[in-house]
Each structure stands twice: as C-alpha cells, then as structure tokens.
Amino acid sequence: MDPLFQQEQKRVDSVMEIIEEQIDRLEEETSRRRDEVVNIRRHFWDEVKVNTDTFDDYLETIIGLRQEAQALSVTQSTHRHAYNKLTALRRMHDAPYFGRIDLVEEGESSPEPIYIGISTLTDKEGDDFLIYDWRAPVSSVYYDYEPGPARYDTPGGEIKGELKKKWQYLIRGGELQSMFDTSLTIGDEILQQVLGKGTDKHMHNIVATIQQEQNRIIRHDKKRLLIVHGAAGSGKTSAALQRIAYLLYKYRDRLNADQIILFSPNSMFNSYVSNVLPELGEENMQQVTFQEYLVNRLSKEFQVEDPYEQLEYVLTASDDPLYETRVAGIHFKASNRFFEEIHSYRGSLETSGMMFKNIVFRGEPIVTAEEMKEKFYKIHSSLRFHNRLEKLKEWLMKKMTEVEKGERTKPWVEEEIELLSNAEYHKMRTILAEKSGYKREEIADYEVEPEALARLIVRRKFKPLRKRIRSLQFIDVKGMYRELFAGRPLESRIPDEWPGICKMTIELLNEGKLSYEDATPYLLLKELIYGFRINGSIKHILVDEAQDYSPFQFEFLKRLFPSAKMTVLGDFNQAIFSHASEMTDFHDLESLYGPEETEVINMTRSYRSTKPIIEFTRSLVPNGDRILPFEREGKKPGLIQLQNQEELHHSIESKVAELRATGYHSIAVICKSAEESRRAYEGLSGIDGIKLMRKGAMEYEQGVVILPSYLSKGIEFDAVIVYDASEEAYGSENLRRTFYTVCTRAMHELQLYSLGAPSPFMKKAIDEEFVRV
C-alpha cells in the first residue's frame, strides 16, 4: 500500500478515536443534563419560598424565583449546546472530513495542513484544530484557489499566504477509500462519483464538492440583493441552501433560522430540500409558497385560484373563445404598468373614490357608507390618509358605544334574557359577579341586576361589530378593486382586450372568486389603503424559481419584508409562467434596491445531467451554447415516434422495466399538464407501484411517478420519460421553455416519445444527432 495512503488512514483512525471518545463523553453529559433539567422543572416550586406578607418577603420570593429560573435557563442552555455538539459528531462519524489544504501564511516558513469537514473538531485538550468547519474563513481557500498565492478574510483582517497543495478525500465508515491531489489531477473525481450516484427523496448538502462559482454565492454578504442566474442543474439551489448555513454560522450571535424564509415553487419541493440544513447542523428555515401566503391573507374574502390552475388553463384551454382575453389579462396584471396604475389609483383616493360598507345591526344600518364617506372627505380632509382612517375608526367606535346604550332598553334584549338557558345564565352571572369583585366562592351570594345583565348581552352582540371596525373591515376594498375595471380610465397603455378583461374580472369578483393574476394586485391595493402589514423580524428571504415571479410580486415582497436581504435564484430558460411576467432577465430587478446594492452572479456550468443530455437540452433554447456541460459521460437521449396511445403505453412500460433493471430509483414520466398526466396514469396503471403526483402533493416520492411539467421544477430524477414530445403537444413557441424544463430534470437517462411528428424544438438536436432517433 502507498505509504502516504497508509499515513492518511492512520490520521483518520486517530480522528475517529477522538470522535468516538467525545461522543461517549457527550452522551453521558447530555443524559445527565437532561435529567437535571427534568429535576429542576419538577421541583421548581419546592425550592422557592412563596411569601407576600411584607415587602421584604415579596422581594425575597422574587429573588428566589429569579435564581431558580436562571439555574434552569443555564442548565437548558448547557444541555442544548452539548446535544448540538453530539449531533454534529454523530454526523462526522461516517466521514469526518473531505478536504485538506497545505497553506503557508505570510511570516511562516512551513505549511500548516488544514483539514476541512462539515463541523469543527479539536483535540482532547481543546487546543489544536483537527478539523475546520467548511464555513470557517480559512476554508474558503479550499474552494477558491489552486496552488499559488491565496488570501482569505477574517474578522481581524485579510490573511495572505501561499497554497502549496490541495487534497480531496473520500471517507466512508471511517475508512479512507480514495484521496486525490487536486493540485496535480485534472478534473474532479469525487464530483464525478457524487454525480454518478442515484437520487433519493431528499436533496443533500454539497460541501465536499462546492465549486468556485458556488462558493461566491455561499459566502456573499456585502449587498442587499444577490441575484443568481444559473443554468438548469448548475447547483444554484444547493448553493443557496449552503449559503443559509454559512450565514447562520457567521452571524450566529444575531441571526437564527426563524428569521429566514424560503419562497419555493411548491410543497413537494419543500420536502425535497428539507434535509440540507439539518445535515449541516442547522435548523430549517421557514418555507412557504407565494400562493400559501396569498391564501393566508385572502381566503376569508375570496376563493383564490392557485398558479397551477392558472397554468393548467394556459396549457389546455386554447380552444376557449375567451383564451386570448384571459392570457392578455394575466400578462397585463403582472406588469409594472398595472403596478403603477394601482399606486396611481390609491393616490386618487386621497380626494375621492373611497368606498365603505354599511355597519348593520339586527338587519338595520346603524352607520351608512355615505356617512363614513362624508366624515372621511369633509370633516378630516386636512389630515393624512391613514390618520383620517384612524379618526374615522375612533368615531365609529364612539358611535357603537352610543348605539349600544340605546339598545339596552329595547324589547329584543328582554326576549334574549328570557331565552337564556340555565347554563348560559349561570355563565353570565359568574362574569358579572367577578366584575363586581366577588371571589369564586362568593358567587352564590351575588344578586344579578337586570340592567347589568342587559348591558352584558348587548355588549356581546356588539363585539363582532367592534372587531370588524378595529380591523378596518368597514372599508370596501373589493368594491374599489372592481372600480378599476368598471369604467375608471387607466393612465397607462392598456391591451386591446381590455373590455373583455374587465368583464371577466368583474364576473369573478361578483362570484367571490379571485384569479391568481388578480391576487397580488388586490392585496397590494388593500395594503396601500390599510397601511402595509410589514414583517420586520425577517432578516433574509430566498426566492427560488424566481423567473416565474413578476416584478409586481418582487415589489410586494420588498415592502412586506423591509429589513430583509434577498437572494433570488432562477433561470429564464425555465420560465414556464412566462405568460405571467414581463421580465426577460433579472436586470429588471436591479431597481428594487439600486445597482449599488445588487450583485448578479451567472452560473453557466451544469452538473446535474450527463454531457450527452446537456448537449441535447442546450440545443432546445436560444443561446444554449453558453451552457457548459460537466464532463460526465452517458447515453444520448432517445426519441421514439409512435402512431397511437396503445403503442405508446406498451413502449413506456418496457422502458420502465429496463430502467428499473439498470438500478435507477427515481423514474419520472413527465407530461405537459395535469390533464395529460391523468390520461397517462390510466394508460400505465399496469406498471407496478406507479404513482400520480398532483399539485397538492406534500412529499417528493421515489419510484416511478407521473407528474405534470410544472410540478417537476427544481427536482431531479435518475431517468426521465417525456410522455409526448410531439408537435401537437409542444408546437407553440410559448412552450419551448416548458419543454426545456422537462428535459433538464434527467440526471442519467432521458427518453422522449412522440405521438406523430416530433416537436420543432428538437430540429437542431435531430439534425446534429444529439438524440438517437
């Protein structure tokens, strides 16, 4: 055996011994600390003498309580720290480190070997670092430099030096399987091994294979907005998740996982990426889809369409006579022009146009919309808009008090009292007695006064009205939004289909429905009227698949999270919602925080797929030659042309059996739409264990799955079968990006079927033989 390999294995053995010793020690410590926490909680009040007879006794009680609470807090903190360290050591037990650099720092004469892993490890005395956390400042040299001059930033300033050598290790179960001197070897053998593996149901961390461009993303923290435009499979999502782990490590004294939100494309994607941060010893951040946020804010007012219902319509309803009108409306309502129109409309409400709803009690209006309008525009006209609303709210609350007093002597109150059940009467009696200062044991002596009971009944009846007033529900936002489409002249250029767009929008509003394209504009108008409900606690937001958002939505997110930095990830070649956005590249977003606060990083190398698959997929889109494949060999994609569905299903069944025999764990049959997915599932139901993925799916599934194009976004599969890549299915130019997205999900094998003539998007691939026909 190579002496160097033997020497490195000895070091692995030594490190494993220290890890195992520390695991044993920490298991005993965490168990002891846990018992201490349980014991302190159980006997908390035994240790505190509660006495409030005199001020000194009261003070002694407070001091005792504080001391016990402090002891509990310290013990809990010590237990949590020990438990977190134990968890990190258990993760390191299989593969304690993956890299090493030999660095000579300025002023030193000999190199110091620095080993890099997913967490820090020191020797038994705690004096020397045996392993450095991949996020430590010095570890950046491993990712950023080849042998030669190198530098890295520390809190104390810049450190310069010379990188002599760089090694990569593959360690499994404490055994050194292979090691590479990457300063001598061309290529990346470990990356080849990692990419050549099959998938499982979760994305994993990439700390052992981070590339230089990914490291720029991970460690970037200078500007307010980081935009990452990366080709399919370039690792942008992985890099962004490691970025969160890095920020949580670097700013651990002032940033926690609860202050970070990931806006992801769907719930299934949330499940897919849920493993990455826990693998790195960090808690998962909050994860939400933009649709979930909209539903949370609007579902009490409307039935809100989701983006997949909208896209399903765009993909399948081209025969609908109103199709062109709807698509034009989707596009216009996502535009900056409409965003500005809503701002302009809100500005006009300063002088006229505010709408209110009658406040009704027992079927009769007690304050009319006209009274509120007059109060708003005439009485308080000199005040600012939101101050006027506050004054109006105060006036309404006083009005409720006046009306309430007048109601107490009306016949309906007497009727309510007579209809009270025994249980209701005793409940009200208890409330009144306690209000009068009676103790619980004295309530039986309390005599109920009829006036007090009438007052309580009326107050309870008015409680929902007061709640509505406090939450500004007397404002008719729905009526004002409808007014945008009911003849109010718009200031911006409008589409030719505008009359039809107006009619369609008003009909839906009248039915209590809100289309997806109306949801953000409606919510923006509401926030501009009510006053933005901001969330200042969030310090960082990530937006994945950002090409499917409109500038309108980004402006909304910026206002919603005013204290947050933003990381935006996307690829315009995968813009399957291109019908709903005016953006053509991410430079349109530079206006969010200004060019001086914006950094754009382009990632052109694709790692997900084999080189033959990337050569095929990059031929599908304009400027595809800018996408660089990683040198991983494999089979060319295949294209089979068939004449009917029976042949298609038979051929797919045979292909699935072949792929399973090859050992692939995740095989996706990707269809254009949910409608096509349902048909495919019925035709392929003979395949053992096949699953149909629907838009509400909460978890990414292994095995053989059928799913529509838009649910495949952000996910990768060992093998992909494109159910129907024909001209009939993918003939329209606005589906080019959808087709590209579907094909780029494949890691190792891609098989396309075509019912009739193949899609024109494949002409170049067929002509240049990037696909086996």
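Owing to the predicted nature of the structure, the values given are computational and were not obtained by experimental measurement. Because only heavy atoms are used, hydrogens play no part in the values below, and waters and symmetry mates are left out as well, while side chains stay in.
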Taking the side chain from E292 and the backbone from T289, do they hold a donor-acceptor pair closer than 3.5 Å? yes
Side chain of Q547, backbone of D571: donor and acceptor closer than 3.5 Å? yes
Please lay out, stage by stage, how L514 and L509 fare under the test side-chain contact (heavy atoms from CB on, under 4.5 Å). CA-CA 6 Å; L514 204 60; L509 290 170; 3.7 Å; yes
Please report the shortest heavy-atom distance between M566 and H540, naming the atom on each side. C-NE2, 4.2 Å
Is there a side-chain contact between Q291 and V304 in this structure, where contact means two heavy atoms from C-beta onward sitting under 4.5 Å apart? yes
I'd like to know if the side chain of R388 and the backbone of E350 have a donor-acceptor N/O pair within less than 3.5 Å. yes
Would you check if the side chain of R297 reaches a backbone N or O of Y293 as a donor-acceptor pair within less than 3.5 Å? no
Contact between Q214 and M603 at the side-chain level, heavy atoms closer than 4.5 Å - yes or no? yes
Axial cation check for F339 ring with R337, 6.0 Å and 45° limits: no
Between K713 and D548, does any side-chain N to carboxylate O distance fall below 4.0 Å? yes
What is the distance from atom CD of E733 to atom CZ of F761, rounded to the nearest 0.5 Å? 5.0 Å
F554 backbone acceptor or donor facing R559 side chain under 3.5 Å: no
Taking all heavy atoms of I501 and all of A328, pick out the closest pair and write down the distance. CD1-C, 4.0 Å
Between E146 and K166, does a salt bridge (Lys or Arg N to Asp or Glu O under 4.0 Å) hold up when you go through it step by step? CA-CA 8 Å; E146 296 302 320; K166 185 160 77 167; 3.7 Å; yes
Do N215 and Y142 have side-chain heavy atoms sitting under 4.5 Å apart? no
Check E390 with K393, please: is the shortest side-chain N to carboxylate O separation under 4.0 Å? yes
Before accepting this row, confirm whether a basic side-chain N of the pair K513/E305 lies closer than 4.0 Å to the acidic partner's carboxylate O. no
Quick one, Y516 with L311, criterion side-chain contact (heavy atoms from CB on, under 4.5 Å). Give me CA distance, side-chain angles, the key distance, then yes/no. CA-CA 10 Å; Y516 184 67; L311 187 57; over 6 Å; no
Within a strict 4.5 Å, meaning less than it, do heavy atoms of the F572 and F586 side chains meet? yes
Taking the inter-plane angle between the rings of F302 and Y522 on a 0 to 90° scale, is it parallel (under 30°), tilted (30 to 60°) or perpendicular (over 60°)? perpendicular
Check whether any side-chain heavy atom of K565 lies under 4.5 Å from a side-chain heavy atom of L225, and answer yes or no. no
Is the Lys NZ or Arg CZ of K223 less than 6.0 Å from the centre of Y593's six-membered ring, within 45° of the axis? no
If only atom types and distance count, is the side chain of H331 paired as donor or acceptor with the main-chain N or O of R326 below 3.5 Å? no
Worked check of side-chain contact (heavy atoms from CB on, under 4.5 Å) between Q286 and I538: CA-CA 10 Å; Q286 300 179 62; I538 298 300; 3.6 Å; yes
State, with a plain yes or no, whether a side-chain heavy atom of M354 is found less than 4.5 Å away from one of K373. no
Distance-only polar pair, side chains of Y481 and D518, donor-acceptor under 3.5 Å: yes
Taking the side chain as everything from C-beta on, heavy atoms only, tell me whether L248 gets closer than 4.5 Å to I260. yes
Would the distance check show the side chain of S344 and the main-chain N or O of E340 forming a donor-acceptor pair, the cut-off being under 3.5 Å? no
Under 3.5 Å, is there a donor-acceptor pair between the T505 and K333 side chains? yes
Mind listing the closest non-hydrogen atom pair of P629 and R605 along with its distance? O-NH1, 3.1 Å
Would the F98 and W134 ring centres measure less than 6.0 Å apart? no
With respect to T567, which candidate in H220, R243, K236 satisfies the side chain to side chain donor-acceptor pair (under 3.5 Å) definition? R243
For residues Q310 and E517, is any side-chain donor paired with an opposing acceptor at under 3.5 Å? yes
Going through the distances and angles, do R626 and R618 end up as a side-chain contact (heavy atoms from CB on, under 4.5 Å)? CA-CA 8 Å; R626 296 178 188 170; R618 70 181 183 175; over 6 Å; no
Taking the six-membered ring for Trp and the full ring for Phe, Tyr or His, determine whether the centres of Y345 and F338 are under 6.0 Å apart. no
Do the side chain of T325 and the main chain of E497 share a donor and acceptor less than 3.5 angstrom apart? no
Test R151 against every option in E105, E158, E162 by the salt bridge (charged side-chain N to carboxylate O under 4.0 Å, His left out) rule and name the one that passes. E158
Mind telling me whether Y607 and F630 have parallel, tilted or perpendicular rings, with 30° and 60° as the class edges? tilted
Taking the side chain as C-beta and beyond, is there a heavy-atom pair between R737 and L735 under 4.5 Å? no
Report yes or no: is the cationic atom of R346 (NZ for Lys, CZ for Arg) under 6.0 Å from the centre of the six-membered ring of F385, at an angle within 45° of the ring normal? yes
Using modelled atom types only, decide if a donor and an acceptor are shared between the side chain of E301 and the backbone of L298 within a distance under 3.5 Å. no
